[in-house]
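Residues: numbered from 1 along the sequence shown. Just so it is clear, the model here is predicted, and its values are computed rather than measured.
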Amino acid sequence: EKRLYHVLDIGTGTGIWAIDFADEHPETKVLGVDLSPSQPSFTPPPPPPPPPNLAFQIDDLEESWTFSEKFDFIYSRMMIGSVADFPRLYRQCFDNLSNGGWIETLDISFPILLNDGEFPENSAFKKWSDLFMEGCEKLGRLANSAELYRSQLEAAGFVDVVETKYIWPSNRWPKDRKLKELGMFYILTMDTLLNAN
């Protein structure tokens with residue numbers, strides 16, 4: 001396994017992934033970058049200090065990157081609706097990776113689909129999904145951007161790109177225990193997002 005000296009967390013949000021990764025890899029310098037100061041070191045009341053090998057930076061990753069060191073690993077998740085130009089973002093990722101470095105990107109894709117048919121025409125969930133896609137498009141962003149990641153990563157120069165698609169339940173109905181748990185997390189996430197001020 002390759003040693004990771006420098007890791008970048010794109011769109012770090014609350015910084016939870018970066019904190020966990022830094023805790024698990026104390027030999028690695030981890031940098032979490034986001035547009036907004038929602039990481040623990042920026043929000044009151046004072047949280048416990050982040051791991052000493054972790055730094056947070058407020059920056060717009062859609063602008064030209066000016067990092068002084070290359071990264072061994074770049075991690076990105078839940079960036080739909082956040083990036084207008086994914087091909088450019090992925091070119092910058094490629095240009096800022098060390099030899100043998102890699103990127104991992106995880107995202108959801110719209111429209112929301114059913115496993116066993118079509119939504120009824122009067123479905124509020126389908127209407128919300130359609131309105132979310134429409135809103136993203138009006139902002140110059142694609143809600144189905146994840147469908148293009150593989151080709152965009154390859155166009156940026158990445159090789160051996162692996163794409164894995166998962167079902168993400170939106171409720172607790174699945175019989176499978178793991179899918180039921182994912183559905184519960186989805187409900188919690190959506191409740192938080194839809195109630196955000």
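- Counting all heavy atoms, side chain and backbone alike, Ala22 lies closest to Leu54 at CB-CB, 3.9 Å.
- Rounded to the nearest 0.5 Å, atoms CD1 (Ile103) and OH (Tyr75) are 11.5 Å apart.
- Comment: Arg91 does not engage Asp95 in a salt bridge, judged by the lack of any side-chain N to carboxylate O separation of less than 4.0 angstrom.
- A distance of 7.5 Å separates CG of Leu35 from CG of Leu61, quoted to the nearest 0.5 Å.
- Under the 30°/60° scheme for interplanar angles, the aromatic rings of Phe86 and Tyr90 are found to be tilted.
- Between Ile19 and Pro51, the closest side-chain pair of non-hydrogen atoms falls below 4.5 Å.
- Side chain of Asn53 to main chain of His25: a donor-acceptor pair is present (N/O by atom type, distance under 3.5 Å, no hydrogens or angles).
- The CG atom of Leu179 sits 14.0 Å away from atom CZ of Arg172, with the distance rounded to the nearest 0.5 Å.
- Taken to the nearest 0.5 Å, the CG atom of Asp34 stands 11.0 Å off from the CD atom of Gln57.
- For the pair Asp9 and Arg77, the salt-bridge criterion is met [side-chain N within less than 4.0 Å of a carboxylate O].
- Less than 6.0 angstrom separates the ring centroid of Phe110 from the ring centroid of Phe132.
- Atoms CG and CD, from Asn96 and Glu69 in turn, are 11.5 Å apart once rounded to the nearest 0.5 Å.
- At a cut-off of 3.5 Å, with distance as the only test, no side-chain donor of Thr105 or Arg150 sits close to an acceptor on the other residue.
- Between Phe125 and Asn171, the closest side-chain pair of non-hydrogen atoms is not below 4.5 Å.
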